[in-house]
Every structure is written in C-alpha cells, then in structure tokens.
Amino acid sequence: MNIKTQGVLVLAVLVLAVTSIGTAQAKSEGLVTIYSSRKEHLIKPLFESFTKDTGIKVMYLTGKGGALIERLKLEGKNTKADMFMTVDAGNLWYAATQGLFQAVQTQTLESNIPSHLRDPKGLWTGLSVRARTIVYSTERVNPADLSTYENLADAKWANRLCLRTSKKIYTKSLVASMIYHHGKNKAGDIISGWVNNLAATPNAKDSHVMNAIVSGQCDVGLVNTYYFARLIAKRPNVPLRLFWANQDTTGVHVNVSGAGVTKYAPNAKGAIKLLEWLSSAKAQAIYASLNKEYPANQNIAEDEVVSSWGSFKQDKMNLTQAGVLQADAVKLMQTKDYR
Amino acid sequence: MLLVNHLSIVYQTTQVLNKFDLSLATGDIFALTGDSGSGKSSALRFIAGLDEVQSGQVVLDGNQLSNNGVHNIAPELRKIGMVFQDYALFPHMNVKKNIAFGIHHLSNSEQQARVEELLLMIGLEGIEQKYPHQLSGGEQQRIALARALAPSPKLLLLDEPFSSLDKNHQEQLVLQVRDILKKTNVTSILVTHDKHEATIFADKVGVIENKQLTIN
Amino acid sequence: MSVLALSVAMPIFVVALSWLFPERELWAHFSTVLLPNLISATAVLLTGVGLGVTLLGTILAYLVVMVEFPGRRWLEWALFLPFAIPAYVLAFVYLGVFDYSGYVQVWMREVLGLPGFDIRTRSWAVILTFVLVFYPYVYMMVRASFKRQKINIIEASQLLGASPLRVFFNISLPMARPAVAAGLLVTLMETLADFGVVSLFNFDTFTTAIYSAWGDFRSIEVAAQLASLLVLAAFFLIYFEKKARGQAKYYSTDVSNKKPYHALGIVGWLISLFVFGVFMLSFAMPMLQLIIWGWTSISEEWSAKYVDLIVSTSVLTVSAALITISIATILALPSCCKKNNLWLKGVISMATLGYALPGSIMAVGLLYGINQISAISVYFGAQSINHIIFGSIALLLFAYVSRFMAIGYSSIKASAEQIKPMFTQSAHLLGASRLRLIWQVYLPMMMPGILAGSLLIAVDVMKELPATYLLRPFGWDTLAVQVYELSAEGLFERAAVPALIMVLFGAVLMLIFQLLDKKSSKNL
C-alpha cells in the first residue's frame, strides 16, 4: 500500500467518523425542525417557551433567506425541516411560489391573525408586523415640513437625506409599494429624487442611518421602528424622533415576519401546533417585547415603548405585492443608481 | 566489472557524444574530463539510471542495468552510489541520519557501527549529531562520500565533487578521497573539468573531445 | 489522484455548467445597467488592493527580516495577528471609528473645526480596509522567502557599494518575486470573492451583481454564470502569476537569522514607529474597540451556548485543516506530477480555483452537484443519497476543502519547489523506496509549507461564513455565524464578544504555528 492509498483511507475514516456524529440525531415525534432567517437571539426565547408549554422540542437552523430557500428546494422530499420562518413578505411569497409550503388553515390562526397578514391560501402566516417610516433630527427638522416618503424626493431635502442600501429587502419592499401605488414611471422619479437628495452613500444598516443623523451628516432618514427602539433603549435622550409617513395618503409601509409549514414536513402536526402557538397571545407578547415589533395578533397590546410613539394608519397594500413587484423594484433602483 | 557500450547523447538536435565505450575492472578509479556541455555529466547520470539517452548499454557485474538508452533497473535498485556537486545532504537530518539513510534495513547497532566506521575513515569522528549547515564545505563533501559508501555500492559516481572547495585544500582532499576509495576497493568514476585533478585522482583518465572518448 | 482533484473541483464544474441555462432578459438588464460600472469598480478595487498589499506586505517583511530595529522581535510576530480578525469585523470597526459619525471625525469637527466627509463615497477607504486586512498574506509569504535568501548575496552587493534601497529593488525583491506573486494572488482572489466588507461600505463590485442575480431576481443560474466569470478571472490571475515566475527556479534552503542592516538611533525608531503604526491600525486599535464593545455587553451576551460554539468551531477548523492539507500535500508532492501530465496539472489548477468563488455560490454549487449525482444514481436504481449528504458535516467539510485548497496547495507547492531534484536522486541511489522518499525526505522538507498552509486554512475556516451558514448541520453554529447574526442586526456591541473569542482562537493557532515553525525550519 503506498502513501497515497494510506492517506485516502485515513481521510475516509475521518470523514465517516465526523459524519456519523453529525447525522446521529434521534428522530422524534415531539420534535419540530425549523429553518429560520430570523436570527437566533430573536427566536430562541420563543421556542424555549413553546417547549415548556407543550413538551415539544424545537430544533432550528438559522441562515439567509435566499440560501435556505435554495436548500429547501434541493432537499425536496428529504428535508428535515417542518417549518420555514423568514422576514419580509417578499421572501414568504417567493417560497410559496416555489411550492415549498403546504396550506394550513385553522380556526386558531384565522381568529388570531388578520387576513391581510396571511397568505390567501394559508401557505404562510405573518407573525409580527414591522413599520418602516421617517426618522428625523429634532435639532434640525421641523416635523411640520415632513409628510410622505414621496416628499423626501423634494429638492428641499437636498443633501439632507440618509437611506439604507437598496440591497436590503426592507428597501426593496418599500420601493415595490411605491411602484404599486404610483406605477413605475412616477416611482422612478421619486427614487431619482431620493438619490439626488442623499447626503451620504446609502448605509449598510438602519443603525448607521440613525448614527449619521445624530452626528449631523444628514437630517432625515427611513428606518424600521424597532431599530429606533433599540437606539433609545441605549441612549434615551438621543435627538431623534419618528414621524408616521403618508398618514393623509397611503399609510405607513408595513411588512411582516412570518412562517409556513413546509410541503414535505416530517412532523406537520407539530409544526402547525407551533404556528398556532406563535400566533397566541403569549407568544405575540414575547414578539412585541423582544424585538419591539408590532404584534400580528391585534388583540395584544404593543410594548410600552412602542405604544408611546402613538398609533398610525397602515398601508393596506396586500403584502404579496411586495414579492410580485420585487424584481421590478430592484431593476428600477439599479437603473436610477440607488446603490 | 562495469561495461558501458555505445553510449550516444543528443541534446535537442545536437549530438554531443557518439558511441562512448568504457570498461572498468572492480576497484578501478576512472576520471572523465571534457569541456562543459561535452556530455560527461549526462553520461554519469545515465549510468546512475537517472536520465535516459539516445542509445547505450550499462552492464554491472553481469547485470544489464540499461539497454538502448532505456533503464531496465531503477536507480534505487542498482547498488550505485553517487556524490553530487553540491552534496545533496538532507538539510533536516543530522550527519548520522544522513549517512545511515541508505542502510536503514540494518539494525540500529549495525547502523551505528557502520556510521562510526565511515566517520573514522573520513577523519570526522564525533560529529554524528551535527546538521549539514553547521559543517564546512569540505566536511559536507566527505559526509556525502560516507553516505554514498555506506550501503557498499558496487560503483561510485562522483559528479564534480571537488569543484566548489577552495584550492588550498582541494588537492589534499582529492588524495584523501582516493585513499578511501582504494581502501574500500570500490569501482569509481569521477567527472571533472580539471585535468590536473583527474590525473592525481584516477588510475585511468578519459577525455571527451569532438564527441569521442579517448582514454589515456 | 485525478479523482481527488476532480472532486475538489466539482463546484467549479457545476458553476460552469450553468451556461446551459441562458437567461437573455436578465443579462440584457445586467449588461446595460450594472456590469459596466461594476467591472470598472472591481478593477479599481483590485488594482488598489493589489498595489497596497504588495507594498505594505513586502516592505514590512523586508524590514523585519533584513533590518534590526527596536521592537523588531515581537513585531515580526505581531504583524501576523490581523489575520485572525475576519475582514467584515474589521470593516465594521473601521466604519464605527472613521466614518462621519465615528470618534475620529467627531473630534476633527469639534476640536479642529474641519468639515466632515463620507468615507464611503471614494474607493480609497474600502481599498485601505482590504489592504489592512489582507497584507498578512503577502507579509507571511514574502517574509519566509526573504528568510531563505542567502545572506552572502546581500553582503556581496553591499560590498559592491549598493545602497539598501538598491539591494531591496535589485536583489531581494526580484528573488522574492514568486512569494510576492503567490501572496498577491491569494489576496486578489479573496477580494474578488468578498461580500461582507464591500456591502458594509456599500461599494458595488462584481460580487454585488452575483448576489443581485440570486437574491433579487431569484436566478441562481445567472448568479452562477456571473460567478464563472470570476473563476475565469482567477484563472487568468493564476496564469499571469505562473508567467511572471517564468522558468526561474528559486532554490534555497538557507535560513539565516543574521540581519544585514542595523538601523540605529532615529532611523531605527522611525522604522519601529512605522511598523508599530501598521500594527496599531490593523490590530491593536480594532481590538481595543472590540474590547470596549465586548466589555459593555459581555453580561448580556455570554451564555453556556458559547461552549458549544467554541467546540463546533474547533472541531470544524481542525478537521477541515487536516483534510485539506493532506489532500494538498498529496497533490503537491514533487513526485505527483510528471512534467508532461497536462491533464492532471489542469485538474489540479481547476481544484485550486474555488478560492475565487463567493462562499455561498460555491456552497450552492456543491448542493446542485450532489443533487445531480443523486439524481443520476436514482436513475440507475440506486437510493438517493441526498438525505445522508445534505445537512451532514461531511458536506460542509467538503465545501471547506474545495474552497481553501488553493491556500494549502500554493503554500505547500512553494516549499516543495525548494526540494532540488538532486535530493530525490540521491535518495533513489541510496535505495529508498517511494514511501521512504516521501516520509523521510519530502514531508520533512515540505513541513514549513505544510504548517504555514495548515495555519492559513485553519484561520480561514474559523472565519468562513457564507458556506458555513448555508451548509452547517443542526447544532453546528460557529463563532463566525454568531458574529454575523448579531452584527447583521446592528448589535455590534454584542457581536464583539464572539469576535474577540475568534481573535483569541486565531492568536492561539498563530502561537502554535510559531512554535512548530521555529522547530521545523531550524535545520532547513
């Protein structure tokens, strides 16, 4: 036996040994397996609470939405995942069009979650609502000057606007809603206006947008409200405030995080149980307090900090539109050089 | 007994050596000289089984090692030792391990004895634990010789082993190596460009001129 | 051997096969709107980063090897440390410190009264970040090469009246050219494949288009087609590296610790200041920021989970490094490739191209490949292997091997090329079998390259995110995944905790390497 064969054998043994550790996981009826593009620290407390209530264990794997969808597609019937959980209606819509979900329509879900936050066929269910609106500097902006997303394209905001990168799904969905309400041409003009008004290269994170406003680089920006909640938790006196956009017109752009039971779920029963539990008052309260999002279950009170911002009119655009128009939104932003 | 017949070497398209014939009796010391590019090193490497050539046959003690310029027996099985121009001592091995490299099939005590015997013969006792980079050029050269002699080869080839040594010690060392070879009675071929070195070292001297070998 | 190299190259083939599924409409949009700008931006980035790492890495290596100056001994090792920090972590620290709202600019505006500026609008900031992250590649390889340069050559040129600068440009640098080229190659391939740093700076490169095709237009095919262009670029880079190296063989086995130059007095201190400055900027300052962040969040972030994270990271790092380096060693053995075996040579160079592929594209390529093999085996009546392979650690290890083969291979090849043919020949003439030749001659002589390669791979695997994130089995979260999950949510303070553990981890690896390296190169 020469050195090469030896080497290959050693490797093979090593790989097999490690593989067996990796796959040696007991199959169990009381186990729900989840692929999630929500980050671990946001979902772990929920699952722990669920296990305590029901005795059903939860195993999860976090990842990026697009990558997990690809993985689910390729795994097909062999998938271990019972549920796919992600943020943004666009992602949920796409997963649904790829046939990754099975329809789930139960009374509990229907009474807990309003219909515009659910897929009409029950393929996915929204579990929390996030609002994307205007944030402004209390030092340099008179809130009377603020009105709509569209208004931020006005020349009076020249060199005063900060935006998050067009690569983030939140931006894409917002622009999709612009296309939905105004058509491509007008939406394109609005984007051009935004780009002309930018005081800085679009930021990678919402938190960077707020830092930039605080430091005086720009005066207004667009953020998801829970990022603002995190900032004021750390710096209660930060000279920033939220402004509810488009209250006299289309309403504040909202999106959801949600989940669906996978088509080939080995434990669909357990997954449905979890989905129902996640829509329950208890879970929705955790959602609301953990990440300062708006509960999807309208019977649950908002977190104290969140409710202090006041109530607002939501954009009632059906959320599947965010998915349908996403590619157009991206093309439009790329054409208008919104990076 | 070494026989080399009809050795011809062609570099790309130029013939450099034509029908080289050589016969050496056991214990003979032969020196091969010629200008650079005359093919003398190539001839040596062919005999060692390292490079193949146009045509040629090598017979050592009745065994046909190569024929028609192609090798029948791999270098490691030929029982031929070689000392390289820059010695090729393994840099990561100490002197003892270097010398014992070719006799690893012997027991430890036999290896130890052979190493000591060879070190005594080359006059470098007690440096078993040193590494090549801690030795002078002349010392490295003699270690390389000891390493080549350790497995008691039937034929020893020396490829310009003295050329990088300083002139003052060169002649002394040439004679010392000759003595060692005579003591061990090993058939040897030295390749050198230095005619004087060849004359004092060898019993017979061959010169390659105009593609032909002439033996004086 | 071919089979080995072929399987390592599998993701590359899958990516190339994507051309069977053309999508005209998307290509039309890409080629008119995105690509012209992206290609020129990528070219600017590569040029800047290439020049930067070459200059910085080579100068630093030259200083620590050839010149004695105050603090040299520990700086020589300290300069490796930035390598342990993932590029995207450094990028978010730099942005936090140097962007408009960072300490530096706030101080400049408030104390000096200077106007603020957006560091992300120009390309130099992102280029500088890459240079500070990747210079250790060039530094590491060139340092090793300078160490092997015979000191007498330098002394000879000194005696011939050459100034230190002339010695550097005319002697040391040309002799170190293969090492510079190798380090540069790795850097450029990393830069091409990067997504983390460029997205933090919102600097669009070719990779941006790949992710856009996949993420926005849901076309994994176009993403793969674009990625295959990256591979093509990498192929040309490798080709030019080989060309640049030419026929020259740079044999040398000497290692000297004697320094030809002694910088005394003010010059010595200036050199110290410069080298120390690089160390500060690329390591100490970001570390300080991470420690400050980590300090404020450690009580919130630390939990028993970290034990698991550390164990998974260690197991993956060590096994991936061992497997990759073993295969790379087999492929790089001097006896492996007969000069005329073009087929094998070709397959091996294919196998080393994976480094230029963005990690997640490579990972998806791997999944597709396995899926196709599975489909074929089902067609022939066998069972599908998907459920065994998908989500198994073997697949993740496979991905690491494919991705990091280039590093292992080039680092080992560099030391294998220093084994002169006469060593092989004399071992043969002394009756050594092939096995003995490999065990007792090749492996010990290749050991410095094997060790350096293992270290580089281990640190890279530890930092690797996209493939790990996509392919890891349940319960195999790594420190890099944790860093990403927290920083993606903007929780940089908490992300500092796993980031610091990673750096510590990397520093330990570096320390082990240093000890082994000293031992193994003592007599080479």
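Chain letters run A, B, ... following the sequence lines, proteins first and then strands; every chain starts at 1.
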* To do: Carefully, step by step, assess C/R472 and A/T62 under the rule side chain to side chain contact (heavy atoms under 4.5 Å, CB included).
  => CA-CA 10 Å; C/R472 74 200 192 286; A/T62 56; 2.8 Å; yes

* Asked: Is there a side chain to side chain contact (heavy atoms under 4.5 Å, CB included) between C/L491 and A/K39 once you walk through the steps?
  -> CA-CA 11 Å; C/L491 302 171; A/K39 306 297 181 295; over 6 Å; no

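Between the side chains of A/T201 and C/R122, no donor N or O sits under 3.5 Å from an acceptor N or O. The closest side-chain donor-acceptor pair between C/H29 and A/Q334 falls under 3.5 angstrom.
In terms of heavy-atom pairs under 4.5 Å with chain C, the best-connected choice from A/G90, A/G65, A/A200 is A/A200. In terms of heavy-atom pairs under 4.5 angstrom with chain C, the leader among A/I169, A/V214, A/L68, A/N91 is A/N91. The greatest number of non-hydrogen atom pairs below 4.5 Å with chain C, out of A/G66, A/A327, A/A212, is found for A/A327. Ranked by non-hydrogen atom pairs under 4.5 Å with chain A, the options C/V33, C/T208, C/L395 are led by C/V33. Between chain A and the residues C/L95, C/V106, C/I220, C/N37, the most heavy-atom pairs under 4.5 angstrom are made by C/I220. When C/F492, C/F117, C/F203 are compared by the number of non-hydrogen pairs under 4.5 Å with chain A, C/F492 comes out ahead. Ranked by heavy-atom pairs under 4.5 Å with chain C, the list A/T79, A/N203, A/I69, A/T335 is led by A/N203.
A distance-only check finds a donor-acceptor pair linking the side chain of C/R120 to the backbone of A/P202 [under 3.5 Å]. The main-chain N or O of A/E40 is found under 3.5 Å from a side-chain atom of C/E485 such that the two form a donor-acceptor pair.
Residues A/V330 and C/S212 are in side-chain contact: their nearest non-hydrogen atoms beyond the backbone lie under 4.5 Å apart. Between A/Q98 and C/R218 there is no side-chain heavy-atom pair separated by less than 4.5 Å. Between C/D216 and A/K167 the shortest side-chain heavy-atom distance does not fall below 4.5 Å. A/R164 has its side chain out of reach of C/N202: every pair of non-hydrogen atoms, C-beta onward, lies at least 4.5 Å apart. Residues A/K64 and C/L470 are not in side-chain contact: their nearest non-hydrogen atoms beyond the backbone lie 4.5 Å or more apart. Within the 4.5 Å cutoff, the side chain of A/E70 has no heavy atoms near those of the C/L367 side chain. Side-chain contact check for C/V364 versus A/R71: every heavy-atom pair is 4.5 Å or farther apart. Taking 4.5 Å as the limit, some side-chain heavy atom of C/R109 sits within range of a side-chain heavy atom of A/S215.
Residue C/L34 touches chain A through its side chain alone, counting heavy-atom pairs closer than 4.5 Å. Neither the backbone nor the side chain of A/K77 comes within contact range of chain C; no heavy atoms are under 4.5 Å apart. Contacts of A/K168 with chain C are absent, with no heavy-atom separation under 4.5 Å from either backbone or side chain. Of the atoms belonging to A/I213, not a single heavy atom falls under 4.5 Å from chain C. Neither the backbone nor the side chain of A/D337 comes within contact range of chain C; no heavy atoms are under 4.5 Å apart. Heavy atoms of A/S207 lying under 4.5 Å from chain C belong exclusively to its side chain. With a 4.5 angstrom heavy-atom cutoff, C/Q105 does not touch chain A via any of its atoms. For A/I34, the part sitting under 4.5 Å from any heavy atom of chain C is the backbone (N, CA, C, O) and nothing else. When heavy atoms are compared at a cutoff of 4.5 Å, C/T329 does not approach chain A at all. With a 4.5 Å cut-off on non-hydrogen atoms, C/A363 does not touch chain A at all. No part of C/L396 comes within reach of chain A, as not one of its non-hydrogen atoms sits under 4.5 angstrom from that chain. With a threshold of 4.5 angstrom between heavy atoms, A/K331 approaches chain C through its backbone and through its side chain. For A/D206, no part sits under 4.5 Å from any heavy atom of chain C, backbone or side chain. Contacts between A/Y227 and chain C at a heavy-atom distance below 4.5 Å involve the side chain alone, from C-beta outward. Only the side chain of A/T33 comes within contact range of chain C, with heavy atoms under 4.5 Å apart.
A/A204 approaches C/S199 most closely through the heavy-atom pair CB-O, 3.5 Å.
Taking CG of A/L198 as the start and CG of C/D118 as the end, the distance is 9.5 Å to the nearest 0.5 Å. Interatomic distance, NE2 of A/H41 versus CZ of C/R494, reported as 5.5 Å (0.5 Å rounding).
Checked against the 6.0 Å centroid criterion, the rings of C/F92 and A/H208 do not qualify as a close aromatic pair.
For A/K73, the NZ atom sits in a packed shell: over 12 heavy atoms of surrounding residues, nucleotides or ligands are nearer than 6.0 Å.
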